[in-house]
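Reading through the structure tokens given below for one structure.
Just so it is clear, the model here is predicted, and its values are computed rather than measured.
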Amino acid sequence: MLNNNNNCANQLIEAEAQSWDHILSYLRPSCIKCAIQLRIPDILHKNVNPIMSLSDLIAALPNLNPSKTTFIPILMRVLVDFGLFKYHQQQGDGYSLTSVGRLLVENDLSGKRSFFLFAQHPVVLNTASSVGDWLRDDLLTAFETAHGKSHWDYCGEEPEFNGVFNDAMAGDSRLISNLLITDCCAGVFEGLTSLVDIGGGTGAVAMAIAEAFPSLKCIVLDLPHVIGDRKGSGNLEFVAGSMFDKIPHANAILLKWILHNWDDGDCVTLLKKCKESIPSKEKGGKVIIIDIVMEDNCSNDQLVQSQHLMDLLMRITYASKERTKKEWEKLFLDAGFSGYKIITSLGLRSLIEIYP
């Protein structure tokens with residue numbers, strides 16, 4: 001009986017610890033945003049020595065009210081807990097960047113800083129807080145519940161939010177670009193003479209590919225308010241237009257994180273458009289997709305949880321979803337493609353080739 005009581009008490013204590021973690025979790029992104037605003041990752045990154053003392057860090061913080069300096073070690077303590085920084089007690093209460101913290105350095109080629117700031121934008125946070133209301137109304141998405149219009153219409157009408165969104169996509173694209181032109185993925189572009197990057201935004205991916213493969217003509221296709229007055233040069237070109245209207249002809253088409261924004265019907269329509277714009281498989285035609293294959297990397301619990309959360313985000317923002325391998329296969333077959341191959345895992349996402 002005593003053992004049962006002890007087990008129940010231990011379970012209650014463990015459950016309470018988890019519940020406190022959920023209750024207080026809203027402070028995590030707020031503290032990380034604060035670190036970005038204070039430019040702490042940048043200051044540590046630019047410091048001559050890899051370890052920076054607390055006093056030197058405080059002295060380097062811009063526009064810090066002197067009466068608030070005692071809060072900085074408290075902030076740094078939780079940021080160390082989050083894995084952004086490492087604490088070095090033996091080196092005079094010093095701090096250094098971790099690999100995670102380095103992703104928040106401004107203009108880092110593999111950085112997630114702009115995506116993090118996008119995720120903390122009031123428009124995005126209001127969408128997430130409207131899910132309960134959305135489940136009781138008849139609107140298509142929680143984004144519409146919160147803002148009265150679709151995400152894409154909102155981007156077209158609100159330049160500030162559109163800029164934050166495009167910066168986030170460009171930041172993510174730089175990370176993917178680094179992976180695409182490495183040995184593990186570079187073979188995907190061998191033999192190609194032309195490529196259309198659909199929904200390529202500001203051109204971060206296309207620019208990296210064009211630079212790595214000078215003989216490959218790269219075209220970025222996106223909506224007029226995204227393309228703006230951008231002009232290409234050399235083997236890079238920008239084209240303003242809708243992917244559902246007309247896609248320029250090319251050897252291959254790249255869809256990076258595009259299809260997860262659309263429902264199955266729209267995806268099939270778009271893939272059929274892509275098929276019309278590329279040559280046959282025998283002549284090297286293909287569509288290259290970078291997107292999530294749900295639970296494809298089941299050995300990494302953190303990645304699987306992130307995939308589940310991304311699926312939820314797609315559903316409440318775009319009325320779309322992330323897809324399993326079987327769901328992807330059905331889309332490809334419904335669009336008239338003859339086969340596909342999952343080339344490699346890119347962490348959260350996968351690289352897929354489909355053939356006409």
Side-chain angles (χ1 to χ4, degrees), residues 110 169 172-173 175-192 195-200 205-206 208-209 212-213 216 243 247 250-275 277-315 318 320-356:
S110 300
M169 295 304 105
D172 180 70
S173 293
L175 187 152
I176 289 296
S177 300
N178 287 341
L179 295 173
L180 284 179
I181 60 178
T182 58
D183 292 340
C184 68
C185 299
V188 171
F189 305 104
E190 288 181 2
L192 297 179
L195 173 80
V196 177
D197 182 4
I198 291 182
V205 171
I209 296 172
F213 303 93
L216 175 58
M243 60 189 179
I247 298 173
N251 287 139
I253 290 172
L254 175 64
L255 295 166
K256 171 198 162 286
W257 242 9
I258 299 296
L259 296 177
H260 76 159
N261 291 326
W262 302 93
D263 65 26
D264 289 349
D266 286 330
C267 285
V268 170
T269 298
L270 178 56
L271 287 171
K272 286 180 177 179
K273 282 279 184 183
C274 292
K275 190 169 180 284
S277 298
I278 58 174
S280 65
K281 180 181 179 181
E282 291 71 28
K283 294 182 178 180
K286 62 183 176 181
V287 176
I288 303 163
I289 296 170
I290 299 172
D291 229 314
I292 288 175
V293 179
M294 287 288 284
E295 301 179 5
D296 190 42
N297 199 341
C298 294
S299 61
N300 189 318
D301 291 341
Q302 196 166 32
L303 277 180
V304 170
Q305 185 180 83
S306 295
Q307 289 179 345
H308 292 168
L309 288 171
M310 189 64 73
D311 182 44
L312 184 148
L313 177 63
M314 292 301 104
R315 292 173 189 270
Y318 307 104
S320 58
K321 62 181 179 180
E322 304 297 349
R323 294 175 171 91
T324 64
K325 184 177 178 180
K326 285 186 177 180
E327 289 173 322
W328 280 118
E329 184 177 88
K330 185 177 188 307
L331 282 187
F332 303 152
L333 294 176
D334 288 350
F337 285 84
S338 63
Y340 72 96
K341 179 167 61 173
I342 299 176
I343 303 295
T344 187
S345 170
L346 299 173
L348 186 70
R349 290 159 284 194
S350 296
L351 180 66
I352 310 170
E353 282 187 354
I354 59 174
Y355 314 106

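Across Lys281 and Pro356, no two heavy atoms sit closer than the pair N-CG, 3.5 Å. Here the closest non-hydrogen pair linking Ala250 and Pro279 is O-CD, 3.3 Å. Considering every non-hydrogen atom in both Trp257 and Asp291, the closest pair reads CD1-OD1, 3.3 Å.
Atoms CG and CZ, from Leu313 and Arg315 in turn, are 11.5 Å apart once rounded to the nearest 0.5 Å. Put simply, CD1 on Ile253 and CG on Leu271 are 9.5 Å apart, with the number rounded to the nearest 0.5 Å. In this structure, the separation between CG on Leu348 and CE on Met310 is 5.5 Å, given to the nearest 0.5 Å. Atom-to-atom distance recorded for Met314:CE and Lys321:NZ is 13.5 Å, nearest 0.5 angstrom. The structure places CG of Leu254 at 10.5 Å from NZ of Lys286, a figure rounded to the nearest 0.5 Å. Considering CD1 of Ile198 and CD1 of Ile288, their distance stands at 11.5 Å, rounded to 0.5 Å.
At a threshold of 4.5 Å between non-hydrogen side-chain atoms, the residues Asp264 and Lys330 do not count as touching. At least one side-chain heavy atom of Phe332 sits less than 4.5 Å from a side-chain heavy atom of Ile289. Put simply, the side chain of Ile354 does not reach to within 4.5 Å of the side chain of Lys275, judged on heavy atoms. With contacts defined as side-chain heavy-atom distances shorter than 4.5 Å, the pair Glu353/Leu351 does not qualify. Between Ile278 and Val196, every side-chain heavy-atom pair lies at or beyond the 4.5 Å cut-off. Proximity of Leu270 to Ile247: side-chain heavy atoms (C-beta onward) are separated by under 4.5 Å at one or more points. Looking at Glu322 and His308, their side chains never come closer than 4.5 Å, going by heavy atoms from C-beta outward. Trp262 places none of its side-chain heavy atoms less than 4.5 Å from the side chain of Thr269.
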Taking it one step at a time, do Leu195 and Asn251 satisfy side chain to side chain contact (heavy atoms under 4.5 Å, CB included)? CA-CA 6 Å; Leu195 173 80; Asn251 287 139; over 6 Å; no
Go through the steps to decide whether Glu327 and Met294 satisfy the test side chain to side chain contact (heavy atoms under 4.5 Å, CB included), and finish with yes or no.
CA-CA 10 Å; Glu327 289 173 322; Met294 287 288 284; 5.6 Å; no
Check: Passes side chain to side chain contact (heavy atoms under 4.5 Å, CB included), Tyr355 versus Lys341? Steps please.
Finding: CA-CA 9 Å; Tyr355 314 106; Lys341 179 167 61 173; 3.5 Å; yes
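Checked by atom type and distance alone, the side chain of Trp328 pairs as donor or acceptor with a backbone atom of Ile292 at under 3.5 Å. Side chain of Arg323 to backbone of Leu259: a donor-acceptor contact under 3.5 angstrom is found. At distances below 3.5 Å, not a single donor-acceptor pair connects side-chain atoms of Ser320 with backbone N or O atoms of Asp263.
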